[in-house]
2 protein chains.
Amino acid sequence: MRVMNSSTAELIPEFGILSGRWAQYGGLGDLPFGAMWCVVPPGGRADTDQHAERELVVVVQGSADIEAGGGTQTVRAGQAALLDADEAHVLANSSAGEPLVTLSLYWLPAGQEEPAAGVGAGTGQADAG
Amino acid sequence: MRVMNSSTAELIPEFGILSGRWAQYGGLGDLPFGAMWCVVPPGGRADTDQHAERELVVVVQGSADIEAGGGTQTVRAGQAALLDADEAHVLANSSAGEPLVTLSLYWLPAGQEEPAAGVGAGTGQADAG
């Protein structure tokens, strides 16, 4: 058993928030998805993200406001949001005091190539408006 | 975007705890893993589980005591535990008052067949010592 901890992970500023990509962990073996912790401070808001991978955003602390498909849904700890391939989305934390932490998993739809370096690594292709 | 919520999911008693398998959600498309919510009441403890799939246990509420490999690790909300294929494990909640909720993802290692009906669906092969 191997335990990964968002509160001790190496986080880097990336697309407007802090991300802790699981590539930092050695020895995890072959996973069928890419994974990263996302940490959004109170009042924080990520850049618009859009990518070929499907994405599962698992909220593990706090509450996320996720903008996608022309609307916004609040996704709390104990909930998860599944985004389609190429679905533009914004991750925001409207809390006044509590950080938002998610575990985002991403993978290319079946039949496509293996995941590239990771979600959000490109230009962002911001087009949520 | 599709939101799945552990607090409104259909839960069934299974291997000593409550599980909410994501098979209950229609229209999720092809996922590279099986998924289920696991809910363990305060003081609860699952049966020993062991299966060919690797498993990622993401703690989304409360704190888990996971027994595996001859030891026990406490895994809190904001942390995740990766179990190897065929690694016997027990999920327990030693809290006096707070429920434990996890999202467990599971998949067969690369090169093996597609996941069967699900983790823990069999006899359990209890052998954790």
Side-chain angles (χ1 to χ4, degrees), chain A residues 1-9 22 25 27-35 37 39 53-62 64 66-85 87-89 99-103 105-111 114-115, chain B residues 1-9 22 25 27-35 37 39 53-62 64 66-85 87-89 99-103 105-111 114-115:
Chain A
M1 178 168 55
R2 175 82 178 273
V3 176
M4 280 66 67
N5 187 341
S6 59
S7 67
T8 58
W22 281 28
Y25 302 120
L28 297 188
D30 189 32
L31 303 178
F33 45 74
W37 304 110
V39 178
E53 292 91 351
R54 302 187 77 194
E55 181 174 350
L56 181 67
V57 181
V58 186
V59 179
V60 297
Q61 184 186 348
I66 304 180
E67 304 169 18
T72 301
Q73 290 196 63
T74 300
V75 185
R76 298 182 174 82
Q79 302 178 9
L82 183 63
L83 294 155
D84 282 333
E87 186 173 8
H89 54 280
L100 163 66
V101 183
T102 73
L103 176 61
L105 308 176
Y106 47 93
W107 62 93
L108 284 170
E114 287 300 300
Chain B
M1 176 168 56
R2 175 81 179 274
V3 176
M4 278 66 67
N5 186 341
S6 60
S7 67
T8 58
W22 281 28
Y25 302 120
L28 297 188
D30 190 32
L31 302 178
F33 45 73
W37 303 111
V39 178
E53 292 91 351
R54 302 187 76 193
E55 181 174 351
L56 181 67
V57 180
V58 186
V59 178
V60 297
Q61 183 186 346
I66 305 180
E67 305 169 18
T72 301
Q73 291 196 63
T74 300
V75 185
R76 299 182 173 80
Q79 303 177 9
L82 182 64
L83 294 155
D84 282 333
E87 185 173 10
H89 53 281
L100 163 66
V101 183
T102 73
L103 176 61
L105 309 176
Y106 47 94
W107 62 93
L108 284 170
E114 287 301 298

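Treat the numbers as computed from the prediction; the structure is a model and nothing was measured. Just so we're on the same page: letters track the sequence lines, and every chain starts at 1.
- Per-residue counts of heavy-atom pairs under 4.5 Å with chain B were compared for A/Val57, A/Leu103, A/Ile66; the largest is that of A/Ile66.
- Most heavy-atom pairs under 4.5 Å with chain B, from the set A/Met4, A/Gln73, A/Gln61: that is A/Met4.
- Ring planes of B/Trp22 and B/Trp37: tilted class, angle from 30 to 60°.
- Applying the side-chain hydrogen bond (donor to acceptor under 3.5 Å, both in side chains) test to B/Thr8 and every residue at least two apart in sequence or in another chain returns nothing.
- The candidate with the highest count of non-hydrogen atom pairs below 4.5 Å against chain B, out of A/Gly69, A/Ala80, A/Ser6, is A/Ala80.
- Between B/Ala68 and B/Glu87, the shortest heavy-atom distance links the atoms CB-OE2, 3.7 Å.
- When heavy atoms are compared at a cutoff of 4.5 Å, A/Leu56 approaches chain B solely by way of its side chain, counted from C-beta outward.
- Heavy atoms closer than 4.5 Å to chain B are found nowhere in A/Val101, neither backbone nor side chain.
- Looking at every heavy atom in both residues, A/Trp107 comes nearest to A/Pro32 through CB-O, 3.7 Å.
- Only the side chain of B/Leu105 comes within contact range of chain A, with at least one heavy atom under 4.5 Å from a heavy atom of that chain.
- Heavy-atom distances place both the backbone and the side chain of B/Leu28 under 4.5 Å from chain A.
- Side-chain contact check for A/Val58 versus A/Thr102: every heavy-atom pair is 4.5 Å or farther apart.
- With contacts defined as side-chain heavy-atom distances shorter than 4.5 Å, the pair B/Leu83/B/Arg54 does not qualify.
- When heavy atoms are compared at a cutoff of 4.5 Å, B/Leu82 approaches chain A by way of both its backbone and its side chain.
- Of the two parts of A/Asn5, the backbone and the side chain both hold a non-hydrogen atom closer than 4.5 Å to a non-hydrogen atom of chain B.
- Heavy-atom distances place the backbone of A/Val59, and not its side chain, under 4.5 Å from chain B.
- In this structure B/Thr72 satisfies the side-chain hydrogen bond (donor to acceptor under 3.5 Å, both in side chains) test with no other residue, sequence neighbours excluded.
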